[in-house]
There are 2 protein chains.
Amino acid sequence: MSERARPTLAVIAEEAGVSPATVSKVLNGRTDVAPSTRERVEGLLHEHNYPRPGHGRRARRSGLVDLVLAGLDSPWAMEILRGVEAECTLHGIGAVVSQVREDDARPPSWQNLPALHHSDGVILVTSRMTERQREQLERAGVALVLIDPVNLPDSGIASVGATNWAGGMAATEHLLSLGHRRIAMIGGPADILCTQARVDGYRTALDRAGVEADRELIRYGDFHHEGGFARARELLALPAGRRPTAIFAGSDQQAMGAYEAARQAGLRVPEDLSVVGFDDLPLCEWLSPPLTTVRQPLEEMGRIAARTLLQLLDGQPLLTPRIELSTQLRVRHSTAPPPPEGP
Amino acid sequence: MSERARPTLAVIAEEAGVSPATVSKVLNGRTDVAPSTRERVEGLLHEHNYPRPGHGRRARRSGLVDLVLAGLDSPWAMEILRGVEAECTLHGIGAVVSQVREDDARPPSWQNLPALHHSDGVILVTSRMTERQREQLERAGVALVLIDPVNLPDSGIASVGATNWAGGMAATEHLLSLGHRRIAMIGGPADILCTQARVDGYRTALDRAGVEADRELIRYGDFHHEGGFARARELLALPAGRRPTAIFAGSDQQAMGAYEAARQAGLRVPEDLSVVGFDDLPLCEWLSPPLTTVRQPLEEMGRIAARTLLQLLDGQPLLTPRIELSTQLRVRHSTAPPPPEGP
DNA sequence: TTGTATGCGTTATCAC
DNA sequence: GTGATAACGCATACAA
């Protein structure tokens with residue numbers, strides 16, 4: 001490790017047994033390089049850690065990035081997409097949108113999409129990522145930004161999220177201030193990062209108010225309507241004294257499910273049951289009653305993620321791997337003081 | 001025009017003053033061709049009308065298509081996107097998603113996106129297209145499929161839609177069969193194709209039932225919540241005898257707006273006011289009450305559009321330029337017989 | 001064989 | 001000069 005002055009194209013070329021021009025072509029993503037040659041050269045470039053455009057100068061080779069979402073079945077995803085699309089379009093970049101399908105047992109192979117689409121980077125939304133996938137991307141020189149990652153990325157991967165813990169606290173404190181004491185929480189899947197943060201915020205708020213958290217009142221379900229409906233129905237079926245007077249749902253869609261569970265149980269929102277959501281989707285204000293919720297700036301998160309990715313592609317260093325945008329309580333008409341204790 | 005046997009690469013190459021290989025590269029979208037050369041060769045290819053891959057054999061040059069939507073702010077768009085994404089992914093094609101922005105006075109320049117992204121085709125959703133834009137795409141050899149076009153494409157452009165007229169009839173007949181006579185309709189913007197078809201279906205249904213259509217009860221507004229809310233509020237503010245007992249909205253989002261207008265007017269759905277929507281978005285069954293609506297197979301429309309585009313790219317001839325998928329009435333709980341005539 | 005596609009080197013050129 | 005890129009032709013492989 002001494003005579004490594006600075007690797008030049010010529011050196012790489014000789015080792016790979018090709019002309020310098022061919023190495024240049026690999027670097028610039030040209031089409032006229034055989035896949036096998038490209039791979040060999042990529043390997044050598046990495047080995048000599050050649051100062052690639054991409055973490056050196058600029059690398060907008062294709063003008064495309066991949067946006068990979070865990071699901072394409074919720075307004076949630078659309079908000080993210082809007083943000084990413086807006087920011088990309090602003091810079092003349094195209095966003096290739098895909099959905100990862102987790103039906104399969106094996107981890108989904110989204111990591112090959114950038115190669116397939118000749119895109120320069122990936123924004124991965126609410127998905128799990130293995131170390132192997134990360135390495136694979138790095139080797140291919142594909143930039144990566146995560147939005148709301150399911151598992152905590154260990155190294156310095158760029159990720160964008162929201163202040164879920166603070167949001168969980170704000171929602172719970174709002175309900176406490178209205179006089180609620182039996183406050184239920186419906187989280188997303190238990191093992192997901194943002195669920196844990198929100199539940200912790202909820203617990204802390206209860207704690208600070210001197211209200212003991214009741215394990216019975218914390219339930220986990222998927223983020224969709226069904227999850228909220230099923231968990232809310234269980235909660236509302238509890239005997240009178242143990243039934244919650246308020247439900248804090250992990251998503252607006254869960255909150256809609258809770259609305260329906262309340263309706264079927266003959267309970268009015270908010271007179272008999274207060275409901276708070278999470279996300280602040282556009283439709284919140286059009287529900288009956290309009291939903292009190294914790295705003296998560298999803299579109300902005302998409303924008304920031306895209307901007308971060310483009311900065312990485314321009315070779316700018318990451319100021320911070322993790323960006324958390326602030327949540328904000330939006331009080332509408334689905335929360336009210338609890339009903340007086342019945343006999 | 002006699003000795004035109006069949007143009008070969010060599011001929012084009014000689015006229016352009018380049019090697020046959022270079023012409024081949026132009027045809028295959030390779031990167032190592034100078035812009036000026038490419039243009040010259042493109043011109044000669046067109047002049048000799050060389051049987052291009054693209055309308056000849058196969059033209060999946062880039063493995064990308066553009067999906068251009070008029071708005072990215074509704075669950076409607078997401079349904080279309082899901083269908084397009086699913087079908088494209090099935091074929092290893094990437095979908096570059098963009099939103100056209102019509103804020104500007106001049107027509108939006110989506111027609112340049114395929115060139116920018118090096119994509120081979122465009123799916124254009126609910127947008128207006130000028131003849132000039134069509135010509136521009138054709139010259140560039142970009143395939144085109146429309147979903148729910150705003151204006152009727154004159155020539156044989158592929159387009160996918162739904163049986164809007166039949167849907168309008170089905171919704172209206174359902175309300176008539178419940179006993180409603182004063183049935184209002186809230187359409188989308190008046191000049192849009194599908195609005196016209198739905199209104200005509202509505203008129204025909206009334207006509208066949210011997211109910212005279214009341215011009216006062218037909219209103220137009222944008223397809224979003226606001227449009228439905230504003231128009232419904234006007235309708236519900238009519239004096240008692242002229243007020244409708246049912247509203248047929250042009251979209252589910254408009255129907256949600258009508259729900260809110262009813263709530264604010266102190267009317268219950270469906271006891272005091274029946275509401276029918278259009279689209280059958282996933283959230284319909286989670287509204288309170290679940291919304292009776294006309295199902296439009298949006299995801300399927302997206303799939304078909306993508307499949308059609310890929311067929312065009314494969315050089316297969318269009319069987320029919322226009323495909324209309326059938327609509328279907330979904331009766332849920334937002335419709336009921338009209339309230340008895342008050343004093 | 002003729003036509004087309006692909007991968008690579010060559011050469012000119014540009015930036016420092 | 002030196003390092004890198006751009007655009008072309010050549011050689012080959014493959015196809016009808």
Side-chain angles (χ1 to χ4, degrees), chain A residues 3-63 115-116 118 120 140-141 313-315, chain B residues 3-64 92 115 118 120 141 313-315:
Chain A
E3 28 77 50
R4 291 277 166 78
R6 193 173 92 84
T8 77
L9 280 197
V11 177
I12 311 280
E14 194 179 3
E15 276 197 54
V18 295
S19 75
T22 302
V23 180
S24 171
K25 286 172 185 179
V26 171
L27 282 167
N28 293 286
R30 293 316 193 84
T31 45
D32 51 345
V33 180
S36 59
T37 308
R38 169 166 273 135
E39 202 174 340
R40 200 167 68 244
V41 172
E42 291 271 23
L44 288 167
L45 285 167
H46 186 257
E47 208 172 290
H48 292 247
N49 48 295
Y50 184 90
R52 293 182 69 117
H55 18 113
R57 268 191 354 192
R58 47 108 251 188
R60 301 251 175 94
R61 298 187 284 263
S62 65
L116 185 62
H118 305 107
D120 302 327
L313 290 176
D314 274 343
Chain B
E3 29 76 49
R4 293 275 166 80
R6 194 173 91 83
T8 81
L9 280 198
V11 177
I12 310 282
E14 194 180 5
E15 277 197 55
V18 295
S19 76
T22 302
V23 180
S24 172
K25 286 173 182 178
V26 170
L27 281 167
N28 293 287
R30 292 316 196 85
T31 44
D32 51 345
V33 180
S36 59
T37 309
R38 171 166 270 134
E39 203 174 342
R40 198 167 68 247
V41 172
E42 290 272 24
L44 287 167
L45 285 168
H46 188 260
E47 206 174 291
H48 291 249
N49 47 294
Y50 184 89
R52 290 186 69 116
H55 19 112
R57 267 192 349 188
R58 47 109 259 186
R60 297 233 185 112
R61 297 187 284 263
S62 65
L64 290 173
H118 304 108
D120 302 327
L313 290 175
D314 275 343

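In what follows, chains are A, B, ... by sequence order, proteins preceding strands, each numbered from 1.
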Chemist: Quick one: label A:Val23 by what it contacts on the DNA or RNA (base, sugar-phosphate, nothing), any heavy atom closer than 4.0 Å.
Modeler: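 It contacts nothing in the nucleic acid.
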
Chemist: Please check the phosphate of D:dC8 (OP1 and OP2 only) for any side-chain N or O of B:Thr37 closer than 4.0 Å.
Modeler: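 Yes, such a contact exists.
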
Chemist: To the nearest angstrom, how far is A:Lys25 atom NZ from C:dC8 atom P?
Modeler: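 Whole-Å distance recorded here is 8 Å.
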
Chemist: B:Ile12 CD1 to C:dT4 C1': how many Å, rounded?
Modeler: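 To the nearest whole Å, that distance equals 13 Å.
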
Chemist: Using heavy atoms to find the nearest nucleotide of DNA chain C for B:Asp32 and B:Pro20 separately, return the residue whose nucleotide is more 5′.
Modeler: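 By nearest-heavy-atom nucleotide position, the 5'-most residue is B:Pro20.
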
Chemist: What is the distance from atom NE2 of A:His48 to atom CD of A:Glu15, rounded to the nearest 0.5 Å?
Modeler: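 Between atom NE2 of A:His48 and atom CD of A:Glu15 there are 3.5 Å.
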
Chemist: Which part of the nucleic acid, if any, lies within reach of A:Ser19 when heavy atoms closer than 4.0 Å are counted: base, sugar-phosphate only, or nothing?
Modeler: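 Counting heavy atoms under 4.0 Å across all strands, the contact made by A:Ser19 includes a base.
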
Chemist: For B:Ser24 and C:dT6, is the shortest distance between a side-chain N/O and OP1 or OP2 below 4.0 Å?
Modeler: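 Checking B:Ser24 against C:dT6: no side-chain N or O falls below 4.0 Å of OP1 or OP2.
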
Chemist: Looking at every heavy atom in both B:Pro20 and B:Ala10, which two are closest together, and how far apart are they?
Modeler: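 Minimum heavy-atom contact is CG-CA, 4.4 Å.
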
Chemist: Under 4.0 Å between a side-chain N or O of A:Tyr50 and OP1 or OP2 of D:dG3?
Modeler: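 No, no such contact exists.
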
Chemist: Out of A:Val33, A:Val18, A:Leu44, A:Val11, which residue meets the side-chain contact (heavy atoms from CB on, under 4.5 Å) rule with A:Val23?
Modeler: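 Testing each of A:Val33, A:Val18, A:Leu44, A:Val11 against A:Val23, the sole residue satisfying side-chain contact (heavy atoms from CB on, under 4.5 Å) is A:Val18.
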
Chemist: So which heavy atom on B:Arg40 is nearest to which on B:Ala16, and how close?
Modeler: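 Closest heavy-atom pair between B:Arg40 and B:Ala16: NH2-O, 2.9 Å.
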
Chemist: Between the two end axes of the helix from C:dT1-D:dA16 to C:dC16-D:dG1, each built from 5 base pairs, what angle do you get to the nearest 10°?
Modeler: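 So the angle between the two local helix axes works out to 10°.
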
Chemist: Please round to the nearest 0.5 Å and tell me the distance separating atom CG of A:Leu9 and atom CG of A:Leu45.
Modeler: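 Rounded to the nearest 0.5 Å, the CG-CG separation comes out at 8.0 Å.
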
Chemist: Looking at D:dG9, I'd like to know if its phosphate oxygens (OP1 or OP2) sit under 4.0 Å from a side-chain N or O belonging to B:Thr22.
Modeler: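 So the side chain of B:Thr22 is within the cut-off, an N or O lying under 4.0 Å from OP1 or OP2 of D:dG9.
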
Chemist: Roughly how far, to the nearest 0.5 Å, is OG1 of B:Thr37 from NZ of B:Lys25?
Modeler: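 Going from NZ on B:Lys25 over to OG1 on B:Thr37, the span is 11.0 Å.
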
Chemist: What is the distance from atom CD of A:Glu14 to atom OG1 of A:Thr8, rounded to the nearest 0.5 Å?
Modeler: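 Taking CD in A:Glu14 and OG1 in A:Thr8, the distance rounds to 9.5 Å.
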
Chemist: Could you tell me the separation between the CZ atom of A:Arg40 and the P atom of C:dG7, rounded to a whole number of Å?
Modeler: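 Computing the A:Arg40:CZ to C:dG7:P distance gives 13 Å.
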
Chemist: Mind checking B:Ala21 for me? I need base, sugar-phosphate or nothing, with any heavy atom below 4.0 Å counting as a touch.
Modeler: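 Result for B:Ala21 = base.
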
Chemist: Atom CG of B:Leu9 to atom C1' of D:dA16: distance rounded to whole Å?
Modeler: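 Spelled out: CG on B:Leu9 to C1' on D:dA16 is 14 Å.
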
